[in-house]
Amino acid sequence: MGLDSKIDLKAKFRGALLGSAVGDALGAPVEGYDMEMVRSVYGGEWEMIYGRYTDDTEMTIGVAESLIENKGFNGADMALKFIQNYNVKRGYGPGSKEVLRRIREGESLADASGKLFGGRGSYGNGAAMRIAPVGLFYFDTSDMLWEIAYKSSNITHSHELGKAGAALQALAVALAVRGQKEDMLLKLKEVVKTVMYTSKLGKLKALLDEGATKKRVISELGNGVVAFESVPTAIYSFLRSDNFKDSVVYAISLGGDTDTIGAMAGAISGAYYGEAAIPKAWLERLEDGEKGRSYIKKLAEDLCQIKLQLLQGRY
Ligand SMILES: [Mg+2]
């Protein structure tokens with residue numbers, strides 16, 4: 001695919017990574033709340049409260065760092081980045097915690113994630129929540145994107161539904177970079193192979209067509225911590241909105257796994273609308289210490305730079 005020169009790739013890369021961090025930080029204070037409780041915290045104002053991001057962003061940073069350093073995917077290095085960045089205070093789920101401990105203690109990458117949940121592996125949304133850099137870096141090549149999404153997910157999530165959910169989220173980010181919103185659902189349906197996600201995408205279309213209530217969206221698509229109850233919900237939040245803010249606010253307003261669904265909706269919307277569409281007040285409030293806002297922005301720029309050089313055949 002030739003690169004459309006009208007696309008401002010850097011603005012979209014920055015939009016996706018900063019948008020994801022902003023969605024994460026906005027959703028974090030209400031994680032696990034139901035719809036009414038979220039409303040009682042945010043009211044109609046939706047002001048960023050703490051601006052502190054969680055494990056979603058910390059792991060997204062690791063994915064971006066590894067893709068940049070290796071000019072592409074390197075599983076062992078990506079796992080190492082996860083371990084180096086790991087901060088227990090960022091609220092990691094029990095599955096990821098255990099896998100990272102196993103890898104740290106010398107277990108092979110191939111084995112570590114497969115041992116979770118009695119050998120079935122995790123189908124949580126922990127791979128999907130961090131996948132945005134893969135969607136950006138492989139935005140022009142769906143086959144590679146799908147393959148790398150699976151491989152990078154497998155570090156912690158070996159269940160098919162966990163990996164397929166992450167690949168779906170990665171492709172949504174890629175399509176957003178390409179500016180394909182109208183035919184996003186169609187394109188997603190073309191590549192999805194699992195019955196679970198085919199069925200979810202079918203429901204998603206019906207809900208968009210009927211202009212469903214939030215209660216219906218929650219019961220049909222979900223707002224939970226498993227990949228198939230959160231990735232379609234994030235995509236829905238993007239597709240039903242026509243700007244960055246509405247998309248992220250809607251995703252979080254549903255309650256449940258608000259930081260992750262907010263992060264995923266923020267990544268897709270940021271990739272589509274670009275950095276300038278993210279409310280300034282939210283960005284300013286986003287933490288900017290070590291590996292904070294400025295660092296994330298720089299990662300997006302470096303990732304974009306390497307992608308552009310690869311497209312120009314410079315490596
Ligand atoms: Mg989190």
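Atoms within each ligand, like the ligands themselves, are counted from 1 in listed order.
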Task: Minimal non-hydrogen separation, R293 against L283, with atom names - done: NE-O, 2.8 Å
Task: ring-ring contact (aromatic ring centres under 6.0 Å, His included) partners for F228, two or more places apart - done: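 Y123.
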Open item on the list: A cation-pi test, strictly: NZ or CZ of R178 under 6.0 Å from the centre of the six-membered ring of F139 and no more than 45 degrees from its axis. Yes or no?
Closed with: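 Checked: cation-pi criterion not met.
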For the residue pair [X] and [Y], does the interplanar ring angle fall in the parallel (under 30°), tilted (30 to 60°) or perpendicular (over 60°) class?
X: W46; Y: Y42; result: parallel
X: Y92; Y: Y86; result: tilted
X: Y250; Y: Y236; result: tilted

Open item on the list: For a distance under 2.8 Å, give residue and atom name for each protein N, O or S atom next to the Mg ion (ligand 1).
Closed with: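 Listed by chain and number, the nearby protein N, O or S atoms are T54 OG1, D55 OD1, D56 OD1, D259 OD2.
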